[in-house]
2 protein chains.
Amino acid sequence: MELRHLKYFMVIAEELHFGRAAQKLNISQPPLSQQLKQLENELQVKLFHRTNRSVEMTEAGKVFLENTYNLFNYLDYACETTRGVHRGEIGELTLGYSGSAVFDLLPTIIHSCNQHFPSLTLDMKQLTTSEQIKALEERKIQVGLLVPPIESPNLITEKIREEKLVVCLPKNHPLAQRRTQIDASELAAENFIMPPQQAGYGYYDAIKNIFEDASFTPNIVQTAKEQHTMVSLVAAGIGIVIVPEYTQFIKLDNVVYLPFNKHYPKITAMVWHKENKRPVVNRFIRVVQEQVIPRFN
Amino acid sequence: MELRHLKYFMVIAEELHFGRAAQKLNISQPPLSQQLKQLENELQVKLFHRTNRSVEMTEAGKVFLENTYNLFNYLDYACETTRGVHRGEIGELTLGYSGSAVFDLLPTIIHSCNQHFPSLTLDMKQLTTSEQIKALEERKIQVGLLVPPIESPNLITEKIREEKLVVCLPKNHPLAQRRTQIDASELAAENFIMPPQQAGYGYYDAIKNIFEDASFTPNIVQTAKEQHTMVSLVAAGIGIVIVPEYTQFIKLDNVVYLPFNKHYPKITAMVWHKENKRPVVNRFIRVVQEQVIPRFN
DNA sequence: ATTATTGATATCTTAAAAATATCATTCAGG
DNA sequence: CCTGAATGATATTTTTAAGATATCAATAAT
């Protein structure tokens, strides 16, 4: 059985006339009779009662016709879905993101995808930069939002935005009263909370760069992975912490955020695997490039 | 696109190797490559990534494979259903029946069909004999259970069973005290309730036959279509009525049923259209012939 | 009785599927 | 770095089967 047989059968069923059906199919009548006969032989079912004067459907024919229509509809649907996947318009991908993307970047991406990429199913996983690099290599996630630099030669990095680093300190801290810009050297004597180095070099190095700029070696009293944790430790008076500016969305009663008098940037980048073969991933990247990155620059 | 393309695609997807897939399909490798290429061209979608060393599915290919499996499953189902309809194993029909079939015949038929014809959907309509004949001619019902004789040359009749006619009279009637067999002539002076003649000749004639046998002209005071109605009228003292024996299932406090001292039969028959083309109808008739009729004889 | 209509059949033609032979690329092993 | 095995693609020929033409048989309308 081939789809040709089914197509011919449908047209005969529409016309109930072999001659007209053949015309509609741009073939002559005899092969049409033959093809239908083949179909009936294979099914072992007569699909039409036919005398030399008239054609009418059998009960079984009616049922088979119904099913044939469904089959072709399903085939159309299957082809369209497949094309959609090919063009990257349909599909799912897993996005890794570091904590600092939660406040503004992630909502913007989700919103843009809802608008420009409605048939994307976006799974999301919060991971540190190093976890993301591993996950990208292992194809557990397809795209990561993290803090560069990254080493891997298999991964492509594209900068999304730059955040200023700010200092977060308890409200009752002497510097907090000033409510003005801070010079890094003023922090020389402080106790610092730091992100763990193994979570990723980018953020860690951006902070270390500040210390180098101010020429002092910080006194590190605690490490913490999550932004929330770090800010809570500040509130508890354990020490102070340098965070990207959007962490200011975390508002606690007894912490304040103050800017530096110099621009210390922390970069957030989108990263993906060089040898990606999934169209949906390429399209997602394009949507971020075209819709999201411009809003942050 | 033809089913051949899809079959080939599935085997390539299974093997991920053109040579082995071709072997499995009993064709050589080059035509397999070509057919797949045709499919990909028609879809405008690459279904496999292939280097000269390896074959792997694309995202779109995976989706199309899934759909292809579904398509073939559906096709199998469609063919099986169609064959079932052809053999008369699947389908629905409408059965007409006269009131007197309700008590024993109809339940037996339903039970037999549930057992021996489970995928039959049986619609049922209570109709008089004449209504059934009309409905059979108009193909509104496919089989009827009625009281012969019938005239139409297009209809085939087969006797199912014979019932004795009995007389139904009020408990306080003088004859009711006897509780023995009645001679028809004893009823000469009674008031009679009769079925309307236009409901069908069979039952009416069977009763008329009794009057002729006893050589009197009955005094008809009322007509009624339904057995229930007739018996209720007897209970109300309007008159007496002659009914088939299974009407005794209708038990009212102040009516009794008495047999005749002669056998006055009423026949119930199965009737269907001579030019029936629906396999399900033939099969139903066969089930009744083989399963139901023997139980009543 | 005659003719037009309609699906089936027989035979021939053509298109396309499949086979054969060969090529290009790549990777393994020396 | 070369050689050979593995593998999918390409070119060409062969075979299969779809389709065309001519014709028939049966039926219904005139």
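Worth knowing before you read on, the calculation uses all heavy atoms, side chains too, and leaves out hydrogens, waters and symmetry mates. Since we're looking at a predicted model, the values are computed, not measured. A note on names: the letters A, B, ... follow the listed sequences, proteins ahead of strands, and every chain is numbered from 1.
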(request) Could you check A:E162 against A:F296 for side chain to side chain contact (heavy atoms under 4.5 Å, CB included), going step by step and ending with a plain yes or no? (result) CA-CA 8 Å; A:E162 227 175 78; A:F296 286 100; over 6 Å; no
May I have the distance from [X] (atom [atom1]) to [N] (atom [atom2]), rounded to whole angstrom?
X: B:E2; N: D:dA17; atom1: CD; atom2: P; result: 14 Å
X: B:L32; N: D:dG8; atom1: CG; atom2: P; result: 9 Å
X: B:R20; N: D:dA6; atom1: CZ; atom2: C1'; result: 11 Å
X: B:L36; N: D:dT10; atom1: CG; atom2: P; result: 12 Å
X: A:Q23; N: D:dG19; atom1: CD; atom2: P; result: 16 Å
X: B:F18; N: C:dT25; atom1: CZ; atom2: P; result: 18 Å
X: A:I27; N: D:dG19; atom1: CD1; atom2: P; result: 5 Å
X: B:Q35; N: D:dT10; atom1: CD; atom2: C1'; result: 15 Å

(request) Return yes if a side-chain donor-acceptor contact under 3.5 Å exists between A:Q35 and A:H5, otherwise no. (result) yes
(request) Go through the side-chain N and O atoms of B:S152 and B:E137 and say whether any donor and acceptor fall under 3.5 Å apart. (result) yes
(message) Using a 4.0 Å heavy-atom cut-off, does B:Q38 contact any base of the nucleic acid, only the sugar-phosphate backbone, or nothing at all?
(response) sugar-phosphate
(message) What's B:Y8 touching, base or sugar-phosphate or nothing? Going by heavy atoms closer than 4.0 Å.
(response) sugar-phosphate
(request) Run the ring-centre check on A:Y201 versus A:Y204 and record whether the distance is less than 6.0 Å. (result) no
(request) Report the C-alpha separation of A:F117 and A:L122 in whole Å, then their side-chain angles, then the decisive distance to 0.1 Å, and conclude whether the side chain to side chain contact (heavy atoms under 4.5 Å, CB included) test is met. (result) CA-CA 10 Å; A:F117 202 170; A:L122 200 55; over 6 Å; no
What N/O pairs connect the protein and nucleotides 9-12 of chain C at under 3.5 Å? Give each pair on its own line.
from	atom 1	to	atom 2	distance (Å)
C:dT9	OP2	A:K37	NZ	2.8

For a quick test of reading the model: is some side-chain N or O of [X] closer than 4.0 Å to OP1 or OP2 of [N]?
X: A:R50; N: C:dT6; answer: no
X: B:R4; N: C:dA17; answer: yes
X: B:H17; N: D:dG8; answer: yes

(request) Classify the angle between the aromatic ring planes of A:F9 and A:F64 as parallel (below 30°), tilted (30 to 60°) or perpendicular (above 60°). (result) tilted
(message) Counting only heavy atoms from other residues, nucleotides and ligands, does the tally under 6.0 Å from CD of B:E138 exceed 12?
(response) yes
